[in-house]
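These notes are about the structure you will find just below.
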Protein chains: 4
Amino acid sequence: MSDQENILDFILKDEDNVTEKQKKIIAAAIEAFSEKGFAATSTSEIAKKAGVAEGTIFRHYKTKKDLLLKLLSPMVSKLIAPIVLKDFNKVLDAEHHSFEEFLRAVVKNRMEFLQKNDALFKILIQEIPFHQDLREIFIDQIASKVFKRLNEIMDFYKEKGEILDIPSMSAVRLAITSIFGYFIARHLILPDIHWDDEAEIERTIQFILAGLAPKS
Amino acid sequence: MSDQENILDFILKDEDNVTEKQKKIIAAAIEAFSEKGFAATSTSEIAKKAGVAEGTIFRHYKTKKDLLLKLLSPMVSKLIAPIVLKDFNKVLDAEHHSFEEFLRAVVKNRMEFLQKNDALFKILIQEIPFHQDLREIFIDQIASKVFKRLNEIMDFYKEKGEILDIPSMSAVRLAITSIFGYFIARHLILPDIHWDDEAEIERTIQFILAGLAPKS
Amino acid sequence: MSDQENILDFILKDEDNVTEKQKKIIAAAIEAFSEKGFAATSTSEIAKKAGVAEGTIFRHYKTKKDLLLKLLSPMVSKLIAPIVLKDFNKVLDAEHHSFEEFLRAVVKNRMEFLQKNDALFKILIQEIPFHQDLREIFIDQIASKVFKRLNEIMDFYKEKGEILDIPSMSAVRLAITSIFGYFIARHLILPDIHWDDEAEIERTIQFILAGLAPKS
Amino acid sequence: MSDQENILDFILKDEDNVTEKQKKIIAAAIEAFSEKGFAATSTSEIAKKAGVAEGTIFRHYKTKKDLLLKLLSPMVSKLIAPIVLKDFNKVLDAEHHSFEEFLRAVVKNRMEFLQKNDALFKILIQEIPFHQDLREIFIDQIASKVFKRLNEIMDFYKEKGEILDIPSMSAVRLAITSIFGYFIARHLILPDIHWDDEAEIERTIQFILAGLAPKS
DNA sequence: CATGAATGAGCATTCATTCAT
DNA sequence: CATGAATGAATGCTCATTCAT
């Protein structure tokens, strides 16, 4: 479940002969897109920020949109990576893992990931509503991999009587929107006000636990 | 707690001598901004959609940004309006109002409002991260009016022992992100997949109720 | 040789039913044109400055260019008016009038006029190079009236041996460019530096006198 | 005191990698600005005249105003260049140089320059009244360099008894306005009528000489 | 007579993209 | 592989002018 490797390297790893300039372009694009939005960022701005010529961007990325997708596709897979990993199944084997332990582990892990890659996540959230193709990539990954896996896990805990007997799909949805809803409120909608992250995350976990606890 | 009047009229009601063209511009702008985003929508596009000359837009709205703010400011106040209304306090007087009844009433009311004004809400959510001034309007209204009022109500139910003894602020936050998180997931991130709105909303209410229920 | 009446009234006197608004438009146009130039001044700016609606300007002046011409035509005739006046001939009759007296009288009179109407004169000088029709009006008035008259006068003084025996035309030209050259340098090219008007004008007169004095 | 080199090259010489297109833009801008005035000339007009795309103008000159200043700054320095040159002082050493010889040399030289660069000079004169920054450049160069030098020279001739004992500053002003006054009248105000340039310039020199001659 | 909403051509400027070097 | 000059369509906005009220 680790994300040791830098996402920037990950973004670039599919491409061969990655030059220093390319890294700078990616870094500059992430910064610019997250600050001003994709549509409001010009390629010349990115070029300047990256310290490369305008043409250099288009040597590596056919269009501005291509640059966006090249950034976000890895973000999507990284975002859901740990849940998809094979060893994630161990959770189910290990009898001693309670739902609470599981939830804590996942939340902690994904929160850290989001905090480390907040710019990229912001771009993803911002652009998803406007790009059908992006949404398709996203749904594809989520639907086929994440939900299936999480549903299994939820079923597992439901059977064990640790969580409420509602459709796993709904349980997953409620948990996820609680977590991401926090992130969106905190980083996108109200970034200017003070947040006690640790306390809020702990309360969110408690909230999910109680919300999904079986009726006594 | 009603929103009978159309928000389009509400947007225009501060201005005098509202012409037919103005209404068309507002309607076209809402449609265009919500479909393509503010930055990716051109004023000529809005003009065409509204069936007016491009210059006409700028006669009524000094800049494109001004048009955005003129759209969203009323949206913000409408969004929080029922919570701010005087008769909202009656909730507290009425002994027979349980927290559940209160929550249901609010959720139902605000959900209906969002569903009726989903385009405007989408614009608001999309643009808030990129416009400091918009965020200031939002924070100002939320902080000064909504949170204060909701905190009082939460305190009331906390005293009555109907909800968990956590900071009212956090309780409010958890409830709100659950509700809006649902809306964002459903309309912005994954609008293409099927959602059973009624069931999901009911489960969200149950989830909040359980999540905030006092520990037995 | 007096210009008692206000040039603003003079500009308007050809038109009938002159309204208060019209006066304001003229005054606003003079101010705006002289500050920013004709091409760089918008009609809406003039309307705002005059406190009238945009349409009102076009009720009185068919086009922006028309407004300019309606301003400048009277300026041209006023500028040359005293020289054209019938009683200007008295100069010639009055034996006791020396060339110096004559020059002093004309310079003093025209300088005062320019100082009182510097904005209009500035507009005239600025726009003449770009408007053929304006130049035609100007040449027409100058050529047919002023030069003819001044040539007569110069001839008169030449015969009296008070000035140099060069073509009257050239003598007139030299005197006029000295005077207007001073005005242009002082008001248009270098308005920001300090000028001792009285001393400079006196020296200019002396300069012209000496420059045109017959060789002893 | 020579201006052999083309001013167009001089305008461009500060910039490196001057392309053919840039030269065309400059030439087109000079032509267009002098014909219609800065404000009344559109960048698309310049582009068309230069045979380049409109965007090309803005690659080399940030704004239209920038283009104007890039044109006029060299004009200002070129205009005053010979007077600033070191070998200009030789005038003072050469005992045999009379004031008349000096005046003739300067007038001839500057007249030729103006005639060769009449378009640029016209632009300078036209735009100076409307651009504070342009005026500052002008004053700066004139005040610090030209007037100082010319005053010295005037003092020199005053001491030699060749010219009138009036403030050198005024003497300089009278001579300059006579010369430029001629140019403005001839090229800007009355370009349509016939002028015998050679004769007028000779008379202007005689006029200045007589006007500044010491009283016998 | 005066208004100001409406127009659509035109404006200066920016854009993503191409391509010769 | 990288450059940056060049492009021309598109952008947000202003313009002079018209006309119904």
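Chain naming here is simple, since letters A, B, ... match the order of the sequence lines and numbering starts at 1 in each.
- At the phosphate of dA5(E), OP1 or OP2 sits under 4.0 Å from a side-chain N or O atom of Arg59(B).
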Acceptor/donor pairs from residues 120-130 of chain A side chains to any protein atom, 3.5 angstrom cut, sequence neighbours excluded:
| from | atom 1 | to | atom 2 | distance (Å) |
| --- | --- | --- | --- | --- |
| Lys122(A) | NZ | Ser34(A) | O | 2.9 |
| Glu127(A) | OE1 | His131(A) | NE2 | 3.1 |
| Glu127(A) | OE2 | Phe38(A) | N | 3.3 |

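- Two residues are said to be in side-chain contact when any heavy atoms from C-beta on lie closer than 4.5 Å; Lys49(A) and Glu35(A) meet this criterion.
- Between Gly55(D) and Phe38(C), the one whose closest nucleotide on DNA chain F sits nearer the 5' end is Gly55(D).
- What separates CD of Gln22(B) from P of dG4(E) is a distance of 14 Å, to the nearest Å.
- Contact check for Ile46(A) versus Phe33(A): side-chain heavy atoms found under the 4.5 Å cut-off.
- Closest to the Thr63(B) side chain, of the nucleotides dC13(F), dT17(E), dG8(F), is dC13(F).
- Atoms CD1 (Ile57(D)) and P (dG8(F)) sit 13 Å apart, rounded to a whole Å.
- Side chain of Val52(A), nearest nucleotide from dT7(E), dC13(F), dT3(F): dT3(F).
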Applying side-chain hydrogen bond (donor to acceptor under 3.5 Å, both in side chains), run through Glu54(B) and Thr43(B) and close with a yes or a no.
-> CA-CA 7 Å; Glu54(B) 207 167 347; Thr43(B) 49; 2.9 Å; yes

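- The nearest whole Å value for the distance from the NZ atom in Lys36(A) to the C1' atom in dC15(E) is 13 Å.
- For Ile46(D) and dT13(E), the CD1 to P distance is 10 Å, given to the nearest whole Å.
- Put simply, the side chain of Ser73(A) never gets that close to the backbone of Lys70(A): no donor and acceptor are under 3.5 Å apart.
- Looking at which nucleotide of DNA chain E each of Glu20(B) and Lys65(D) is closest to, the 5′-most match is held by Glu20(B).
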Dot-bracket, DNA chain F: Watson-Crick or G-U, under 3.5 angstrom, [ ] crossing, | other strand?
-> .||||||||||||||||||||

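- Using modelled atom types, one side-chain atom of Lys64(A) and one backbone atom of Thr41(A) make a donor-acceptor pair closer than 3.5 Å.
- With a 4.5 Å cut-off on side-chain heavy atoms, Tyr61(B) and Ile26(B) count as touching.
- Between Gln132(C) and Arg135(C), the closest side-chain pair of non-hydrogen atoms falls below 4.5 Å.
- For Thr56(B) and dA5(E), the shortest distance from a side-chain N or O to OP1 or OP2 is not below 4.0 Å.
- Both Ala39(C) and Ala53(A) lie close to DNA chain F; mapped to their nearest nucleotides by heavy-atom distance, the more 5′-ward contact belongs to Ala53(A).
- Between His60(D) and dA6(F) there is a side-chain polar atom (N or O) within less than 4.0 angstrom of OP1 or OP2.
- Protein atom CZ of Phe58(A) is 18 Å distant from nucleotide atom P of dA6(F), rounded to whole Å.
- At whole-Å resolution of the value, CG in Leu68(B) and P in dG12(F) are 13 Å apart.
- For Lys21(B), taking side-chain heavy atoms from C-beta onward, the closest of the listed nucleotides dT13(E), dA16(F), dT7(E) is dT7(E).
- Checking Gly51(B) against Ser44(D), the closest nucleotide of DNA chain E that is more toward the 5' end is the one next to Gly51(B).
- Atom NZ in Lys23(C) sits about 13 Å away from atom P in dA2(E), given to the nearest Å.
- Taking every side-chain heavy atom of Thr43(C) into account, dT17(F) is the closest of dG12(F), dT17(F), dT7(F).
- Ser42(B) comes within 4.0 angstrom of the backbone, heavy atoms only, and of no base.
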